[in-house]
Structure formats: structure tokens, C-alpha cells
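To start, the structure under review is shown below, and the notes come after it.
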Number of protein chains: 2
Amino acid sequence: MITHAMEDYLKTVYLLQEGQEKVSTSAIAQQMEVSAASVTGMIRKLAAMGLLNYASYQGVELTEGGKKIAQEIIRHHRLLELYLVEIMGFTWDKVHDEADKLEHVISEEFEERMSEALGHPTTDPHGHAIPAKDGALQEIAYATLTEVDAGSSATVQHVNDNDPEMLRYFDQLGLLPGAVVQVVAKEPFNGPLRLKVDQTEHFVGREVAGNVFVSPQIT
Amino acid sequence: MITHAMEDYLKTVYLLQEGQEKVSTSAIAQQMEVSAASVTGMIRKLAAMGLLNYASYQGVELTEGGKKIAQEIIRHHRLLELYLVEIMGFTWDKVHDEADKLEHVISEEFEERMSEALGHPTTDPHGHAIPAKDGALQEIAYATLTEVDAGSSATVQHVNDNDPEMLRYFDQLGLLPGAVVQVVAKEPFNGPLRLKVDQTEHFVGREVAGNVFVSPQIT
DNA sequence: AGTTAGATTTAGGCATTCCTAAATTCTTAA
DNA sequence: TTAAGAATTTAGGAATGCCTAAATCTAACT
């Protein structure tokens with residue numbers, strides 16, 4: 001039997017796995033805010049179920065079975081976020097926590113009816129790709145705003161959705177997926193960035209800018 | 001901390017409590033399909049939390065605090081059922097199980113937005129009353145179809161929503177809340193009832209009829 | 001009143017999922 | 001090459017929520 005906690009682990013491994021193939025115990029522990037010991041314990045159980053491969057001290061890699069479950073959960077999460085915003089009228093910053101709870105609980109039919117009501121979308125409100133029913137998630141590795149040269153412009157593709165407070169801040173600034181930002185100036189020594197979004201200028205800290213993912217502006 | 005399991009117990013006690021004030025351990029165990037021992041264990045915990053009063057062998061009674069939580073869960077459940085049918089297009093028979101899972105997980109905001117989308121309704125698709133935000137549930141004790149005299153007509157008020165198969169059967173027969181039924185004849189010795197619903201006649205077993213709650217037809 | 005059937009509680013166990021602390025293994029740099 | 005330090009695993013323990021089996025209580029009938 002697969003539990004909610006297991007689904008959370010699989011989802012986390014899947015999202016951490018993008019890029020590298022192996023994910024370390026400590027990376028999972030940090031991301032999920034549990035102890036490394038707890039991670040080891042759960043990993044062994046998931047390995048015994050054939051949902052991931054792992055060798056002691058070597059890190060973890062999802063099997064096809066594990067990937068499929070992770071994709072399913074991520075699809076639930078992102079469809080829920082979009083449904084909550086588009087159909088139910090939630091604000092941007094509240095949908096992540098609600099979706100984190102609901103994603104483990106909804107039926108396939110619920111998923112299907114949400115997708116239908118939304119016209120089978122492919123992107124959630126934070127700009128993340130929504131995996132197709134049985135398809136892989138194709139997330140492109142965008143640069144963060146901190147990596148954009150002073151003077152250049154870029155288009156916001158997606159933002160991290162973990163921190164509601166930061167989301168409200170993005171909303172205030174107009175840093176939504178699709179928005180065009182110009183990096184007017186970058187302070188040296190890890191100081192703030194000066195941005196121009198929609199005519200208005202703002203100063204934004206490096207930590208904040210690191211959570212905004214952009215592609216070069218298409219002109 | 002109040003868990004999902006505790007909420008389920010409180011909900012069950014609340015619904016069993018209608019009519020009598022005291023609810024027995026075995027009644028709870030039977031309704032929830034767990035052992036009586038499990039019920040005892042949970043009851044002691046809930047009593048320690050001040051959510052219900054109980055004395056050994058004497059049965060159980062919810063406190064005001066316990067009632068409040070139970071009402072909240074029942075409100076969630078019934079709003080969810082209605083939302084799933086009216087807004088999402090689920091069929092009658094599938095909403096109970098979905099609502100049983102979601103009722104523990106949704107936020108107050110989710111509840112509020114559902115209620116709004118539905119125009120703040122007071123009855124769910126099975127004819128059960130939806131408790132107001134902070135108000136008590138006022139379920140009227142209707143008669144079942146088995147208690148209606150042969151020759152008399154009655155109006156369906158609500159039906160039991162526990163068994164999806166039975167719900168599909170009710171749907172087929174047209175035994176929906178609001179429908180007018182005439183009991184044409186009753187076989188003696190606990191045999192089937194002959195019903196006339198919407199011009200058509202049907203034979204219905206006693207067990208089935210016992211799950212249809214009616215009031216005398218208002219003519 | 002005594003017996004007995006049924007209801008209830010107690011006792012002991014198991015799985016889940018987390019924790020801290022201690023032991024082990026790996027890495028790296030002197 | 002070895003020894004410190006970091007990462008990982010093992011060990012042991014707590015809370016939850018279920019179970020079965022055994023003990024105990026209640027109520028009903030002779």
C-alpha cells in the first residue's frame with residue numbers, strides 16, 4: 001500500500017532529480033524538512049517496493065514505476081493550483097498549501113474533471129509545466145533573474161511557489177509568468193537588483209531574484 | 001492535535017446521536033466497521049480532550065466542542081457532495097466516497113468558496129440538510145418508505161448515501177429527493193413493495209425501501 | 001438470587017512515520 | 001597515507017490507530 005508520505009517522497013525525489021540522475025539522502029532531508037535518518041528509512045521501504053533504486057551512500061534514482069507515481073502527484077498538484085485560481089477564485093499565494101493537501105486525496109475522475117473544466121491546460125499559475133495524463137514532465141531549466149546581465153531584459157517563465165509571502169511580493173511587483181523584466185542595474189557584493197517591470201522600477205534582494213526563472217526576451 | 005480519524009469518530013457519533021442522547025460503543029464500531037476495542041481507545045482520547053463525555057459502559061455524548069467539530073465536518077461533506085454534482089458534473093453515486101476523503105482536508109476558504117459558488121445551499125444532493133457555518137444541523141426524522149400505508153403517496157426527502165450501488169438503483173427508479181411515490185401495494189411477510197414513481201410501477205425490496213426517507217405528500 | 005449471553009474494556013501487538021544519538025563509511029586535504 | 005570532517009546509516013524510542021484475545025461488567029431470564 002502506498003501512503004501519502006511515500007507519495008511526498010517520490011514527488012520530492014522526482015523534482016530534485018531534474019538535471020542530475022542521483023539524488024542524495026541529505027538533499028531529500030533538507031527539501032522535506034525531516035531528518036536524514038527518516039529519509040534513509042523511507043528510502044529502504046520504497047526501494048523494497050521497486051519504486052526507486054538505491055545503494056548505500058550512493059544516492060537514489062526513481063524507477064519507471066516510481067516516476068509514474070511522482071508524475072501523477074505533480075499533475076494533481078498543478079491542476080489543483082490552476083483550478084483553485086481559475087475556477088474557484090483563490091489568490092496566487094494560497095493555492096500551493098491547499099494543493100499539497102488535496103493532491104493525495106482526489107480521485108482520477110476528479111483530476112479528469114478539473115482538466116476538462118480548464119480546457120486541458122499545460123501550465124500552472126506559477127508557470128510550471130503540467131505533466132500530461134501519462135506523459136513525462138518536461139521542465140526547461142531556465143536561468144534565474146540573478147543571472148541576467150544588467151541592461152538586459154527577460155521574460156518570466158515561472159516562480160517558486162513554496163513561500164506564500166514571496167508569492168504575494170511577486171504579485172505586487174507584477175513578476176508573473178509572461179511578464180517582461182529589465183534588469184536596470186545590479187549592485188555588486190550580492191546587493192539588490194534594480195528591476196523595471198511594466199514601467200515601474202523596484203529594488204529586489206538576491207534571494208528573491210533567485211526564485212524568479214526567466215528566458216531571454218523574445219523580441 | 002485533532003486527526004482525521006478523530007474527526008470521523010466525532011462525525012459518526014453526531015449522526016448516530018440524532019434522536020437518542022447516548023451512543024453505545026458497539027453502535028459506533030458497527031457504523032465505522034472497526035472493532036469495539038478500537039472505539040474504546042479513541043473514545044478515551046476524545047474524552048480526555050473534552051470533545052465528548054463518557055462513563056464506562058454507559059455510552060457516549062458529544063460536548064459542545066465535539067458537536068462543533070462534527071458539524072464542521074458534516075458541512076464540508078455535504079457541501080462537497082453538492083459541489084461535485086452541481087459544478088463538476090459527478091454522478092450522484094460517486095460523490096459520497098470522494099467527499100469522505102476531501103472533507104478532512106479542505107480549508108475554510110475552500111468551504112466558503114464552494115458555498116458561494118452554490119449560492120449558499122441548505123440541502124445536499126441526497127436531501128440531507130447542510131449545517132450553516134456555525135449553526136446546528138436540523139435533520140427532521142422522516143419516515144421510511146416501508147412505513148407508508150398501501151395506497152398512500154409520499155414525497156422523497158432524502159436517501160441514505162452510503163451505498164453507491166443502491167444510489168444508482170434509486171436514480172434508475174427516479175427516487176430522487178422531491179419525487180412523489182405512491183405505495184400501490186405491500187406484500188405481507190416482509191416481501192417487496194409495489195411502487196408507482198412518475199407513471200411507472202416498480203417492485204422494491206424492504207431493505208431498499210428502508211433507505212428512502214419520505215414525508216406525507218403535500219397536496 | 002444465580003446464571004449466562006452480550007457488550008465493553010483492558011492488555012498486548014503490529015505497522016507507520018517521525019525523532020535523537022551513536023556508529024559507520026566516504027571524501028579530502030595535509 | 002592517514003586523520004579530520006561530512007554524509008549516511010543503524011539503533012532505539014515515541015505517538016497514532018488499528019487489531020485479537022482475555023477479562024470484566026451489565027442485564028435479562030429463570
Side-chain angles (χ1 to χ4, degrees), chain A residues 1-14 16-17 19-62 66 69-70 73 97 100-101 103-105, chain B residues 1-14 16-17 19-62 66 69-70 73 97 100-101 103-105:
Chain A
M1 217 273 132
I2 187 145
T3 64
H4 294 181
M6 287 174 185
E7 288 177 351
D8 276 334
Y9 276 93
L10 292 172
K11 176 177 120 181
T12 300
V13 173
Y14 189 93
L16 288 172
Q17 200 170 263
Q20 319 95 115
E21 346 98 61
K22 301 278 186 163
V23 178
S24 70
T25 302
S26 53
I28 299 167
Q30 191 178 11
Q31 180 66 35
M32 299 189 69
E33 300 185 301
V34 297
S35 72
S38 300
V39 175
T40 301
M42 183 57 89
I43 274 171
R44 296 172 63 134
K45 226 176 303 181
L46 292 170
M49 295 172 77
L51 297 174
L52 48 77
N53 296 316
Y54 109 109
S56 284
Y57 296 97
Q58 306 294 287
V60 142
E61 192 179 16
L62 292 182
I69 292 169
I73 298 298
D97 292 342
D100 259 350
K101 293 181 295 178
E103 65 188 6
H104 304 293
V105 159
Chain B
M1 217 271 132
I2 187 144
T3 65
H4 294 182
M6 287 174 186
E7 289 177 350
D8 276 333
Y9 276 93
L10 293 172
K11 177 177 117 180
T12 300
V13 173
Y14 189 92
L16 287 173
Q17 199 169 264
Q20 321 93 113
E21 347 97 61
K22 300 277 186 162
V23 178
S24 70
T25 302
S26 54
I28 299 166
Q30 190 179 13
Q31 179 67 32
M32 299 189 69
E33 299 185 303
V34 298
S35 70
S38 300
V39 174
T40 301
M42 183 57 89
I43 273 172
R44 295 172 62 132
K45 225 176 301 178
L46 293 170
M49 294 172 77
L51 297 174
L52 49 77
N53 296 315
Y54 110 109
S56 283
Y57 297 96
Q58 307 295 289
V60 141
E61 191 179 18
L62 292 181
I69 293 169
I73 297 298
D97 292 343
D100 259 351
K101 294 182 295 178
E103 65 188 7
H104 305 293
V105 159

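Every chain is numbered from 1, with letters handed out A, B, ... down the list of sequences. Only this structure's heavy atoms are used, side chains among them; waters, hydrogens and symmetry mates stay out.
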*Does the Gln31(B) side chain pair with the main chain of Thr12(B), one donor and one acceptor, at a distance under 3.5 Å?*
no
*For DNA chain C, whose closest nucleotide is more 5', that of Lys45(A) or that of Gln58(B)?*
Gln58(B)
*Closer to the 5' end of DNA chain C via nearest nucleotide, is it Ala27(B) or Ala36(A)?*
Ala27(B)
Atom-pair distance ([atom1] on [X]; [atom2] on [N]), nearest Å:
X: Ile43(A); N: dT10(D); atom1: CD1; atom2: C1'; value: 14 Å
X: Ile28(B); N: dT8(C); atom1: CD1; atom2: P; value: 9 Å
X: His104(A); N: dT17(C); atom1: NE2; atom2: P; value: 12 Å
X: Met32(B); N: dC18(D); atom1: CE; atom2: C1'; value: 11 Å
X: His4(A); N: dT16(D); atom1: NE2; atom2: P; value: 19 Å
X: Tyr57(A); N: dT8(D); atom1: OH; atom2: P; value: 9 Å
X: Glu33(B); N: dG17(D); atom1: CD; atom2: C1'; value: 17 Å
X: Gln31(B); N: dA7(C); atom1: CD; atom2: P; value: 16 Å

_Distance, nearest 0.5 Å, that separates CD1 of Ile69(A) from CG of Leu46(A)_ = 8.5 Å
*Leu10(A) side, atom CG; Met49(A) side, atom CE - distance, nearest 0.5 Å*: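 The distance works out to 8.5 Å.
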Heavy-atom check, side chain of [X] versus side chain of [Y], under 4.5 Å:
X: Ile28(A); Y: Val13(A); value: yes
X: His4(A); Y: Val105(A); value: yes
X: Tyr9(B); Y: Ile43(B); value: no
X: Met32(B); Y: Asp8(B); value: yes

Of the nucleotides [options], which one has an atom closest to the side chain of [X]?
X: Ala37(B); options: dC18(C), dA21(C), dT10(C); answer: dT10(C)
X: Arg44(B); options: dC19(D), dG17(D), dT9(C); answer: dT9(C)
X: Tyr9(B); options: dC19(D), dT17(C), dC18(D); answer: dC18(D)
X: Met42(A); options: dT8(D), dC18(C), dT16(D); answer: dC18(C)
X: Tyr54(A); options: dC19(D), dT9(C), dT9(D); answer: dT9(D)
X: Thr40(B); options: dT10(C), dT17(C), dT8(D); answer: dT10(C)

*asked:* Tell me whether the side-chain N/O atoms of Ser38(B) come closer than 4.0 Å to OP1 or OP2 in dC19(D).
replied: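 So the side-chain polar atoms of Ser38(B) do come within 4.0 Å of the phosphate oxygens OP1 or OP2 of dC19(D), strictly under.
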*After noting the C-alpha distance and the side-chain angles of Glu7(B) and Glu103(B), does the key distance pass the side-chain contact (heavy atoms from CB on, under 4.5 Å) rule?*
CA-CA 10 Å; Glu7(B) 289 177 350; Glu103(B) 65 188 7; over 6 Å; no
Indicate, with a heavy-atom threshold strictly under 4.0 Å, whether [X] touches base, sugar-phosphate, or nothing.
X: Thr25(A); result: sugar-phosphate
X: Ser26(A); result: sugar-phosphate
X: Ser56(A); result: sugar-phosphate

Close N or O pairs between protein and nucleotides 1-3 of chain C (under 3.5 Å):
none

